[in-house]
Amino acid sequence: VMSFAWGPIVDRLADGGRLVRVAAMLQLATTGLLGLTAALGPREHLPLFVAAIACVLLIASLSSVVVSGLLVRGTSVAERPAAATASYGGYYLGSLVGGGVFLAVEPWLGWPLAMSTLACLVGTGALALAGVHVSPRPDGHAPRTFAALWRSVSRPQLRWVCLALLCVD
């Protein structure tokens, strides 16, 4: 939902060749926040726990756009439909399996160990990104981030929609 806001920033990062590093940093930030929730526990520190989970969700929305940017830059036009299907399918399958496994093992392992395991599994995504290389745009053009963001939200009919999307996401 926040693609219109993150998209221009991701384009700017991609043109600087930093997109893979940003994706890895987002994975590590998510790992750290999940590790924090393992240490906190939802009952004892509810406000801090909710804030950490909100940050995880915000990072997830940015990560989705970063992965889409990597997908567009790393595949040909003919490969993109299959790559996008695999990307979204993998995301939903991973969420389903990871959430299901977490719910199954949490009563057995306990909250701290189950969340720590989940954090470690998320952290392996950063290791997978070590082998990814995406070439810079062939035209060498780096879009102006804030100008592109302003163009995407400056139409009067979109202002209220954009505000609603920011509140919902």
Sorted by chain and number, sequence neighbours left out, side-chain hydrogen bond (donor to acceptor under 3.5 Å, both in side chains) with T85 holds for none
Hydrophobic clusters here meaning ILVMFWY residues chained together by side-chain heavy-atom distances under 4.5 Å, can you tell me if V97 and V105 are in one?
yes
To the nearest 0.5 Å, atom CE of M25 lies from atom OG of S63 at 11.0 Å
Residues A83 and T75: closest non-hydrogen pair is CB-CG2, 3.8 Å
Grouping ILVMFWY residues whenever side-chain heavy atoms fall under 4.5 Å, the cluster of L96 otherwise contains none
Note: with side-chain heavy atoms under 4.5 Å as the link, the other cluster members for L71 come out as none
Residue set satisfying side chain to side chain contact (heavy atoms under 4.5 Å, CB included) with V77, at least two apart, ordered chain then number -> R80
For T31, the side chain to side chain contact (heavy atoms under 4.5 Å, CB included) test, sequence neighbours excluded, returns A119, V122
Please list, one pair per line, the donor and acceptor atoms closer than 3.5 Å that link side chains of residues 33-59 to other protein atoms, with sequence neighbours excluded.
unit_1, atom_1, unit_2, atom_2, d
T37, OG1, L34, O, 2.6

Between G69 and L19 the two heavy atoms that sit nearest each other are C-CD2, 3.9 Å
Do the side chain of S64 and the main chain of A60 share a donor and acceptor less than 3.5 angstrom apart?
no
In short, side-chain hydrogen bond (donor to acceptor under 3.5 Å, both in side chains) pairs touching residues 102-116 with sequence neighbours left out are none
Those residues at least two apart in sequence (or on a different chain) that pass side chain to side chain contact (heavy atoms under 4.5 Å, CB included) with L121 are T117
Students should find that the hydrophobic cluster of V67, defined by side-chain heavy atoms under 4.5 Å apart, otherwise consists of none
